Amino acid sequence: MAELKIANLNKSFGSTKVLEDVSFTVNDGEFCIVLGPSGCGKSTILRLVSGLEQQDSGTIYIGDVEVSGQSPKERDVAMVFQNYALYPHMSVFDNMAFSLKMSNTPKPEIKRKVIEGATLLKINDLLQRKPKELSGGQRQRVAIGRAIVRNPQVFLFDEPLSNLDAKLRNTMRIELVGLHNKLSSTVLYVTHDQVEAMTLGQKVVLLNEGRIQQMGTPAELYEKPTNIFAATFIGSPQMNILNGRIKNEGEKILFNTGEITFDVSHRKNLRGYTGQKITVGIRPEALLLGKGPLSGKIKLIEHLGSEIILHAMIDKTKIIARLSPEIEKREGEPISFSLVWKGVHFFSKGERIP
Ligand code: ADP
Ligand code: MG
């Protein structure tokens with residue numbers, strides 16, 4: 001295993017800039033996630049790292065070796081695709097053994113490695129089957145197994161779980177964590193699914209329109225989103241966004257949207273934004289039932305078992321709160337919220353106010 005270092009990658013297709021100055025490092029043994037919406041350039045990063053595509057500028061290092069100019073075969077990476085990309089006419093065993101055969105690995109060693117990988121992934125009794133005789137989850141395991149037997153320096157995963165149903169996705173997520181703990185492999189994993197990113201990633205690189213928005217641990221991204229994109233892309237239900245202005249009233253600093261006003265005097269640095277437009281982001285769990293500055297009417301309650309998602313209108317502003325299911329509230333009733341400041345974030349011109 002080795003560190004993967006990506007520096008200043010740029011890539012355009014025709015006149016479309018797909019990656020702009022992308023730099024980050026996956027430490028040796030780290031599980032790193034690139035998270036971002038569809039079309040933001042995630043697969044392109046993997047294709048550049050694997051050598052399937054050539055960057056316009058920038059460098060890629062695996063360990064101390066610059067691989068940017070190497071052919072895909074020379075780079076010691078293994079990629080797992082969303083659509084599995086198994087050879088349909090080959091058995092599971094032969095699918096897993098394929099790359100080892102191509103590199104002239106002796107037969108007994110191939111057998112040992114395939115069985116070792118199959119045991120790890122619990123697919124030993126499927127080795128003689130063809131891909132079409134497998135379920136989606138089993139196929140994905142084979143695809144992962146095919147990567148594991150190669151014992152590459154770096155694993156590349158391109159949304160490997162997105163074709164699986166929700167339950168299997170959860171199971172596979174937990175298994176991937178276990179697998180990574182066992183193998184201590186260097187992993188670059190891309191997904192549009194924030195839940196996957198937050199649960200799998202030791203480091204998350206948040207990408208939008210080919211540019212890195214923020215990098216950090218899942219907790220850092222959740223607790224300190226660097227801009228409105230990061231704030232709204234991560235978290236479900238999405239963070240509530242209020243646009244308004246900062247006003248001074250004597251000693252008090254107030255945030256005012258025209259409909260909603262609340263005291264933000266504890267954030268002394270907001271005084272510097274007096275008169276300016278700012279955006280306040282409120283996590284759904286930062287709204288507490290009880291006397292507070294946000295009063296309105298309940299519009300809809302979604303019962304999710306362990307929690308409820310409550311939609312309320314504060315005048316014409318829609319607010320979503322995540323609450324404990326014990327509360328006895330009905331649609332149409334009046335409601336009032338106070339704020340838990342830890343989950344309230346301030347932005348000026350889209351960027352976080354520290
Ligand atoms: P993601 O994996 O995040 O969904 P991709 O990296 O696949 O995004 O694609 C990023 C952008 O680059 C998209 O707008 C896509 O249409 C474009 N793109 C990707 N590959 C090519 C290609 N070979 N030719 C032209 N455009 C491409
Ligand atoms: Mg993709």
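Fair warning: this is a prediction, and the values are worked out from it, not measured in the lab. FYI, the numbering just counts along the sequence from 1.
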(message) Between Lys101 and Asp94, does the salt bridge (charged side-chain N to carboxylate O under 4.0 Å, His left out) criterion hold? Intermediate values first, please.
(response) CA-CA 9 Å; Lys101 276 186 192 156; Asp94 288 337; 3.3 Å; yes

(request) Please tell me if the side chains of Leu207 and Val22 come closer than 4.5 Å, counting only heavy atoms from C-beta onward. (result) yes

(request) For the residue pair Phe337 and Leu289, establish whether any side-chain heavy-atom pair is separated by less than 4.5 Å. (result) yes

(message) Using side-chain heavy atoms (C-beta onward) and a distance below 4.5 Å, is Tyr222 in contact with Val204?
(response) no

(request) Kindly indicate whether the side chain of Phe262, heavy atoms from C-beta on, has any atom under 4.5 Å from the side chain of Leu242. (result) yes

(message) More than 12 heavy atoms of other residues, nucleotides or ligands under 6.0 Å from CG of Asp64: yes or no?
(response) no

(request) Sort and list the pairs that fulfil salt bridge (Lys or Arg N to Asp or Glu O under 4.0 Å) and have at least one residue in residues 265-293, not counting sequence neighbours. (result) Glu285-Arg322

(request) Determine whether Val77 and Met96 fall in the same hydrophobic cluster, where Ile, Leu, Val, Met, Phe, Trp and Tyr are linked whenever their side-chain heavy atoms lie under 4.5 Å apart. (result) no

(message) With a 4.5 Å cut-off on side-chain heavy atoms, are Met90 and Lys130 touching?
(response) no

(message) Between Leu221 and Leu206, is there a side-chain heavy-atom distance shorter than 4.5 Å?
(response) yes

(message) Using only atom types and a distance under 3.5 Å, with no angle test, would you say the side chain of Asn240 pairs donor to acceptor with the backbone of Ile282?
(response) yes

(request) Establish, from distance only, whether the side-chain atoms of His311 and Glu302 form a donor-acceptor pair under 3.5 Å. (result) yes

(message) Within the 4.5 Å heavy-atom criterion, are Leu19 and Asn10 side-chain neighbours or not?
(response) no

(request) List the atom of Leu168, the atom of Gly137, and the distance in Å for their closest heavy-atom pair. (result) CD2-CA, 3.4 Å

(message) List the residues meeting salt bridge (charged side-chain N to carboxylate O under 4.0 Å, His left out) with Arg169, not counting sequence neighbours, and say none if there are none.
(response) none

(message) Tell me whether the NZ or CZ atom of Arg146 lies within the 45° cone about the ring axis of Tyr84 and under 6.0 Å from its centre.
(response) no

(message) I'd like to check Leu200 versus Thr191 (side-chain heavy atoms, cut-off strictly below 4.5 Å). Are they in contact?
(response) no

